[in-house]
There are 2 protein chains.
Amino acid sequence: MAGIDRTLVRSLTLFNKTSDADLDALLSSAASRRVPRGEAVFEQGAPATHFYLLLHGRLKVMQVTADGQQIIVRVVHPGDLFGFARALQRIDYPGTAIAAAESIVLVWPTDMWAVFLEQNPALAIGAMQTIGQRLEEAHTRIREMSTEEVERRVAHAVLRLIKQAGKTEKNGIRIDFQISRQDIAEMTGTTLHTVSRILSAWEGKGLVEGGRQKLLVLDPEGLSRLAEGYRD
Amino acid sequence: MAGIDRTLVRSLTLFNKTSDADLDALLSSAASRRVPRGEAVFEQGAPATHFYLLLHGRLKVMQVTADGQQIIVRVVHPGDLFGFARALQRIDYPGTAIAAAESIVLVWPTDMWAVFLEQNPALAIGAMQTIGQRLEEAHTRIREMSTEEVERRVAHAVLRLIKQAGKTEKNGIRIDFQISRQDIAEMTGTTLHTVSRILSAWEGKGLVEGGRQKLLVLDPEGLSRLAEGYRD
DNA sequence: CGAATGGTTGAGTGTCTTCAAACAGGGTGG
DNA sequence: CCACCCTGTTTGAAGACACTCAACCATTCG
């Protein structure tokens with residue numbers, strides 16, 4: 001499909017070993033799609049017909065349990081591959097990907113996955129590193145949920161967010177997409193009430209500045225100390 | 001290295017698309033190593049010089065947090081790849097792999113990883129599926145830790161164990177390696193005390209039969225119901 | 001301007017952890 | 001072969017952390 005910005009894609013670490021020719025081949029079979037805020041790219045349980053690359057914006061991947069509880073499995077940042085369910089012999093998507101901000105994604109049919117990897121071993125290694133990192137993030141999260149109490153988990157989650165989606169402002173670092181207390185709760189395995197209380201307390205200490213679906217971190221250092229378990 | 005059982009390796013799903021010639025090449029650069037119960041294959045933080053395949057036995061991969069708390073990241077079963085830290089540009093092992101039973105592992109130098117994948121795209125896809133499955137398991141565990149209370153998490157963990165390491169006996173299904181309450185606690189993010197109480201209660205209901213580092217599941221059905229959240 | 005969504009805060013409660021003590025079994029050395 | 005020790009397990013009691021329930025407030029959007 002025409003009109004895809006090659007220089008933007010070129011700059012992604014995933015493709016830093018891919019030749020220009022190979023990259024053109026990849027892009028030629030991709031489509032790009034604009035996703036408005038709040039809309040789903042794909043839904044949990046739907047057949048995995050495509051896989052995706054986020055070019056611009058921000059997505060939340062959510063899962064709903066049998067009894068209706070929601071959790072956020074991960075946040076997708078620009079440059080991330082996502083929705084590659086078929087890469088592991090799944091026929092459906094294990095979660096729902098929702099745009100937390102207006103987003104642009106590249107789309108390929110799932111059949112292309114195996115083709116690309118076989119034709120392009122460097123990409124296979126890159127993709128594997130990507131998945132491997134994701135695995136390690138998941139283990140980190142498991143460790144945190146096993147050993148840390150809620151306040152530290154929330155601190156870690158917020159630190160991760162400003163690292164991956166932080167925009168420096170005059171007073172501190174802003175999370176550059178709309179995120180609710182409910183979202184943070186679903187990322188840390190707690191309730192929005194507890195998150196609200198924690199953020200209020202932090203605001204009182206001058207660590208952060210809240211707002212409706214907004215969060216500005218004033219003192220990342222202090223938050224780090226909290227995350228590492230220093231009592232007060 | 002001579003003396004590695006090719007038919008055993010051949011039967012692993014990981015290699016079901018690998019040609020005999022390629023498989024021989026792989027095995028020719030591997031060494032096999034016997035690991036007695038309680039001994040570590042590699043230690044957390046040590047340079048990732050090798051990657052491994054478990055042929056026989058059972059391993060626990062553990063992580064220790066900064067403040068000394070332990071968790072079990074996963075259990076390694078025969079046929080599983082493990083310790084492939086370098087596959088994701090890590091230079092050290094993120095955890096410690098300890099033999100929960102006398103084990104036999106195949107060992108390769110990490111340099112071989114990239115070589116194998118580039119020479120053998122089918123293997124790359126197989127390896128990626130392996131890692132992908134692991135990622136999904138991790139997400140499942142995160143979901144359970146976020147939304148389920150301890151008893152259900154323990155039930156899920158035990159069900160997973162009998163599925164992956166269950167040996168049918170006359171009265172039920174036995175977990176076929178030594179596992180302590182502490183281990184189960186570290187797999188589910190709770191304390192050995194709570195696990196002990198839960199297992200005692202289950203024993204009272206005739207669901208399981210305990211013992212020192214032993215566990216026999218008498219009623220998998222009943223356990224499943226518990227895991228799915230049916231109150232009593 | 002009103003409805004809807006998101007956020008705050010209080011009170012009460014329950015699950016699980018922590019602290020503590022005692023017990024069981026398996027292996028080892030005398 | 002038995003006593004002892006070490007490790008793993010059981011169980012009780014107290015307390016804390018975070019959840020649930022509930023009510024109210026604030027902000028945004030149609």
Side-chain angles (χ1 to χ4, degrees), chain A residues 36-38 60 67-72 98 100-101 144-155 157-158 175 177-205 208-216 226 229 231-232, chain B residues 36-38 60 65 67-72 98 100 144-155 157-158 175 177-205 208-216 226 229 231-232:
Chain A
R37 187 176 127 71
K60 310 182 276 193
D67 57 326
Q69 291 192 79
Q70 268 196 350
I71 66 155
I72 295 185
I98 293 181
E144 288 175 4
M145 301 203 59
S146 299
T147 62
E148 296 176 3
E149 36 190 63
V150 175
E151 186 173 20
R152 289 182 60 186
R153 298 209 301 268
V154 174
V158 170
I175 292 169
F177 62 99
Q178 288 185 292
I179 185 165
S180 67
R181 317 283 137 132
Q182 177 72 38
D183 288 335
I184 296 176
E186 289 176 10
M187 293 181 358
T188 51
T190 182
T191 62
L192 81 154
H193 308 279
T194 301
V195 171
S196 178
R197 282 181 234 275
I198 288 171
L199 290 185
S200 294
W202 288 354
E203 199 156 0
K205 291 191 213 162
V208 302
E209 206 174 284
R212 189 192 179 81
Q213 302 206 85
K214 285 187 294 191
L215 193 56
L216 176 69
L226 241 172
R231 280 258 154 249
D232 249 358
Chain B
R37 187 176 125 71
K60 310 182 276 192
T65 63
D67 57 326
Q69 291 193 78
Q70 269 195 349
I71 67 154
I72 295 184
I98 292 180
E144 289 176 4
M145 300 205 54
S146 298
T147 62
E148 296 176 1
E149 37 189 57
V150 175
E151 187 173 20
R152 289 182 61 188
R153 298 209 302 266
V154 175
V158 170
I175 292 171
F177 63 98
Q178 289 186 291
I179 186 166
S180 67
R181 317 283 137 132
Q182 177 72 37
D183 288 335
I184 296 176
E186 289 176 12
M187 292 180 357
T188 50
T190 181
T191 62
L192 79 156
H193 307 279
T194 301
V195 171
S196 178
R197 281 181 235 274
I198 289 172
L199 290 185
S200 295
W202 288 355
E203 198 156 0
K205 291 190 211 161
V208 302
E209 205 173 283
R212 187 194 181 79
Q213 302 205 77
K214 285 188 293 192
L215 193 56
L216 177 70
L226 242 171
R231 280 257 152 249
D232 248 359

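We use all heavy atoms of the structure for the numbers below, so side chains are in, but hydrogens, waters and symmetry mates are not. Keep in mind that what you see is a predicted model, and the values were worked out from it rather than measured.
Closest non-hydrogen pair, A/A100 versus A/R37, comes out as O-NH1, 3.2 Å.
D/dT20 atom C1' lies 15 Å from atom CG of A/D67, rounded to whole Å. If you measure from atom CG of B/L192 to atom C1' of C/dT18, you get 12 Å, rounded to the nearest angstrom. The distance from atom NE2 of A/H193 to atom P of D/dC19 is 10 Å, rounded to the nearest whole Å. Rounded to whole angstrom, the span from the CD atom of A/E149 across to the C1' atom of D/dA16 amounts to 10 Å. As rounded to whole Å, 12 Å separates atom P of D/dA18 from atom CE of A/M145. For the pair A/R212 CZ and D/dC25 C1', the interatomic distance rounds to 11 Å; values are reported in whole Å. If you take NZ of B/K214 and P of D/dG8, they are 15 Å apart, rounded to a whole angstrom. One interatomic measurement links the two molecules: CD1 of A/I198 to C1' of C/dT8, which rounds to 14 Å at whole-angstrom precision.
The rotation axes computed at either terminus of the helix from C/dC1-D/dG30 to C/dG30-D/dC1 lie 40° apart, taking five pairs at each end and rounding to 10 degrees.
Residues from residues 177-190 of chain A with heavy atoms under 4.0 angstrom of DNA chain D, sorted by number: A/G189, A/T190.
The side-chain hydrogen bond (donor to acceptor under 3.5 Å, both in side chains) check on B/Q182 picks up B/E186, with sequence neighbours excluded. Take A/I175 and apply the side chain to side chain contact (heavy atoms under 4.5 Å, CB included) test, not counting sequence neighbours, and it matches A/L161, A/I162, A/F177, A/I179, A/L215. The salt bridge (Lys or Arg N to Asp or Glu O under 4.0 Å) check on A/R152 picks up A/E148, with sequence neighbours excluded. For B/E209, the side-chain hydrogen bond (donor to acceptor under 3.5 Å, both in side chains) criterion is met by no residue, not counting sequence neighbours. B/S180 pairs by the side-chain hydrogen bond (donor to acceptor under 3.5 Å, both in side chains) definition with B/D183, not counting sequence neighbours. Among residues two or more places apart in sequence or in another chain, the side chain to side chain contact (heavy atoms under 4.5 Å, CB included) test is passed with A/R212 by none. Residues satisfying the side-chain hydrogen bond (donor to acceptor under 3.5 Å, both in side chains) test with A/Q213, not counting sequence neighbours, are none. Residues satisfying the salt bridge (Lys or Arg N to Asp or Glu O under 4.0 Å) test with A/E144, not counting sequence neighbours, are A/R160.
Residue A/S200 is in sugar-phosphate contact alone, with no base atom involved, counting any heavy-atom pair closer than 4.0 Å across all strands shown.
Taking 4.0 angstrom as the limit, A/T191 places a side-chain polar atom (N or O) nearer than this to OP1 or OP2 of D/dC19. At D/dC19, one or more side-chain N or O atoms of A/T194 fall inside 4.0 Å of OP1 or OP2 (strictly under the cut-off).
To the nearest 0.5 Å, the span separating CD on A/Q70 from OG on B/S146 amounts to 12.0 Å. From A/M145, atom CE reaches atom OG1 of A/T190 across 9.0 Å, with rounding to the nearest 0.5 Å.
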Please report, to 0.1 Å, the donor-acceptor pairs under 3.5 Å made by any side chain of residues 192-203 of chain B, with sequence neighbours excluded.
from: B/T194; atom 1: OG1; to: B/T191; atom 2: OG1; distance (Å): 3.1
from: B/S200; atom 1: OG; to: B/S196; atom 2: O; distance (Å): 2.9
from: B/W202; atom 1: NE1; to: B/E151; atom 2: OE2; distance (Å): 2.9
from: B/E203; atom 1: OE2; to: B/G210; atom 2: N; distance (Å): 3.3

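Comparing atom distances between the A/V150 side chain and each of C/dC16, C/dG7, D/dA18 picks out D/dA18 as nearest.
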Show the distances under 3.5 angstrom between N or O atoms of the protein and N or O atoms of nucleotides 11-13 of chain C.
none

